[in-house]
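Let me begin by presenting the structure, written as structure tokens, before commenting on it.
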Amino acid sequence: MGLSGSFLYANDEAGTYPASYYHASAEFLEAFPPLAEDTRCDVCVVGAGYMGLSTALHLRARGYDVVVLDAHRIGWGASGRNGGQLGSGQRVDVDELEDLVGPERALALWQIGEDAKALVKELIAQHQIDCDLTPGIFYADHKRSYSTHSRALVEKLHRDYHYDEIAFYDEERTRALIDSPSYFSGTMDHGAAHLHPLNLVLGLARAAKAAGVRFHEQTQVRKVEQTTPAIVHCSSGGRVRADHVVYACNGYIENLSKPVARRLMPINNFIVASEPLPQEMVQSLIAKRVAVADSRFVINYYRFSADNRLLFGGGENYRFAFPKDIKAFVRKPMLDVFPQLKDVRLDYGWGGTLGITLNRLPLFMRLAPNVWSAGGFSGHGISIATMAGKVVAEAIDGQLARFDVMAKIPSPVFPGGRHLRYPLMVLGMMYYALRDRL
């Protein structure tokens, strides 16, 4: 994704992909050259992750000339590093949505989330993207007291949202599904899915390239003049004059837009990949080939890869650098869930930066008549970021209905502004980490 600011280069070398299981098992494109001279286009997209590529694909389908810029490589950021879970609806539960915006708007936001999930599946099928798409996510309750809410949530989704692909699991069914002492109940969402996230983003890039999108990698955007046309100044020496500019940067936007950065904070999350495990062990740990995400505030999320590696995500930090030993950092929460894996080798450990908002709902903004932004996907980016691209493409083409629905989501600024939000966030996370343990 497009980057700006030294924080975003921590632990990674410009122009290379981070070493990860995804990197080791991806089908890469040839590198695109940096932008070395001035060019003109209808729309300049900053960031080549899910949102940027979806924006470009949907604009090309409408006949627009599109240039995509990325400070590193296509899918280098969160789109190529995440847990690979394709969730339903929005990032927060529907009862929280109703409390925030009321039942009618909550239903509209839920439907956009469902359309987003369907869009990802449609693009995978349309462009024949080989990314190990597999149905099912189980949301596990790590406290017995959460069972009442989970059961009520399933009933509400069935009754008020007509979503019947989710089921409540009591303690017996949960223990039969996951061989862990950590969980007491949960919900099985058969409509959700999991996949290889880097191969998905690279597949979208192939489709965009075939459609005529122009790409420039290793091209950091330094400044955007919000004129008509807008002028995009790049670190590589070139400039882009564009009728519209789209910020598809999510957690990497920082210095490009202060109004966005005040409402969005980048945080680091970490994943390990085990050695390939015997099939009997795989089935004993998780009886069905589903992904799992638990109810902790700092979520543990995990699944098995196509070659039987446990991909386990856990732990966050808010510093300018990743932990020195990511494998050791993530091994602790992994063993809390699966103590029987204490002797299993970890072959890969990597981190990534995602963008979160205070309410964990996406942030859509029109920063000028011809400058658009969406981000703050808060861990729900495979679906919502992909849909954001389509929604922004619609808006540029004059169809603002869905963009306006998303832009009206309340989006508070982080307390303390850009400089104090980190220490305040750390204090808040310490509180929630303590609450997880009680």
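Below, each value reflects all heavy atoms present in this structure, side chains not excepted, and no hydrogens, waters or symmetry copies. Computed from a predicted structure; not experimentally measured.
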Is the backbone of [Y] close enough, under 3.5 Å, to the side chain of [X] for a donor and an acceptor to pair up by distance?
{"X": "Asn199", "Y": "Glu27", "value": "yes"}
{"X": "Ser295", "Y": "His142", "value": "yes"}
{"X": "Asp70", "Y": "Ala48", "value": "yes"}
{"X": "His158", "Y": "Ile166", "value": "yes"}
{"X": "Asn359", "Y": "Pro410", "value": "yes"}
{"X": "Gln128", "Y": "Gly203", "value": "no"}
{"X": "His380", "Y": "Val92", "value": "no"}
{"X": "Thr386", "Y": "Ile382", "value": "yes"}
{"X": "Thr219", "Y": "Glu217", "value": "yes"}
{"X": "Arg360", "Y": "Ile356", "value": "no"}

Mind telling me whether [Y] and [X] have parallel, tilted or perpendicular rings, with 30° and 60° as the class edges?
{"X": "Tyr22", "Y": "His196", "value": "tilted"}
{"X": "Phe338", "Y": "Tyr302", "value": "perpendicular"}
{"X": "Tyr21", "Y": "Tyr348", "value": "perpendicular"}
{"X": "His244", "Y": "Trp372", "value": "tilted"}

Which atom pair, heavy atoms only, marks the closest approach of [X] to [Y]?
{"X": "Cys44", "Y": "Leu69", "result": "SG-CD1, 3.7 Å"}
{"X": "Ile137", "Y": "Ala193", "result": "CD1-O, 3.4 Å"}
{"X": "Arg309", "Y": "Pro276", "result": "NH1-CD, 3.5 Å"}
{"X": "Pro103", "Y": "Tyr161", "result": "O-OH, 4.4 Å"}
{"X": "Ile74", "Y": "Val201", "result": "CG2-O, 4.4 Å"}
{"X": "Leu363", "Y": "Ser411", "result": "CD1-OG, 3.0 Å"}

Between [Y] and [X], is there a side-chain donor-acceptor contact under 3.5 Å, judged purely by atom types and distance?
{"X": "Tyr50", "Y": "Asn250", "answer": "no"}
{"X": "His149", "Y": "Asp95", "answer": "yes"}
{"X": "Lys117", "Y": "Ser88", "answer": "yes"}

Matching residue for His233 among Gln220, Arg222, Glu225 - test: side chain to side chain donor-acceptor pair (under 3.5 Å) | Glu225
Does any part of the side chain of [Y], heavy atoms only, come nearer than 4.5 Å to the side chain of [X], both counted from C-beta?
{"X": "Leu57", "Y": "Val213", "value": "no"}
{"X": "Leu204", "Y": "Ile129", "value": "yes"}
{"X": "Leu200", "Y": "Leu123", "value": "no"}
{"X": "Val330", "Y": "Ile326", "value": "yes"}
{"X": "Arg214", "Y": "Cys41", "value": "yes"}
{"X": "Arg73", "Y": "Phe28", "value": "no"}
{"X": "Trp76", "Y": "Arg81", "value": "yes"}
{"X": "Lys156", "Y": "Val94", "value": "yes"}

With the threshold set at 4.0 Å, does a side-chain nitrogen-carboxylate oxygen contact exist between Lys390 and Asp115?
-> no
List the steps, then state whether side-chain contact (heavy atoms from CB on, under 4.5 Å) holds for His216 with Phe32.
-> CA-CA 5 Å; His216 293 283; Phe32 294 94; 5.8 Å; no
Check step by step if side-chain hydrogen bond (donor to acceptor under 3.5 Å, both in side chains) holds for Tyr64 and Asp397.
-> CA-CA 9 Å; Tyr64 289 82; Asp397 203 40; 2.6 Å; yes
Start with the C-alpha gap between Arg303 and Thr134, add the side-chain angles, then the distance that decides, and say whether side-chain hydrogen bond (donor to acceptor under 3.5 Å, both in side chains) holds.
-> CA-CA 11 Å; Arg303 62 194 180 92; Thr134 306; over 6 Å; no
Output, in order, the C-alpha distance, side-chain angles, deciding distance and verdict of side-chain contact (heavy atoms from CB on, under 4.5 Å) for Ile267 and Leu354.
-> CA-CA 6 Å; Ile267 67 171; Leu354 64 151; 3.8 Å; yes
Starting from the C-alpha separation in whole Å, work towards a yes-or-no answer on side-chain contact (heavy atoms from CB on, under 4.5 Å) for Tyr301 and Val292.
-> CA-CA 5 Å; Tyr301 52 94; Val292 180; over 6 Å; no
Leu361 and Leu100: side-chain contact (heavy atoms from CB on, under 4.5 Å), yes or no, with the steps?
-> CA-CA 11 Å; Leu361 289 169; Leu100 185 65; 3.3 Å; yes
Is Lys209 atom NZ crowded by more than 12 heavy atoms from other residues, nucleotides or ligands, each under 6.0 Å away?
-> no
Give the C-alpha distance, both sets of side-chain angles, the deciding distance and a yes or no for side-chain hydrogen bond (donor to acceptor under 3.5 Å, both in side chains) between Tyr139 and Asp189.
-> CA-CA 8 Å; Tyr139 297 96; Asp189 188 346; 4.9 Å; no
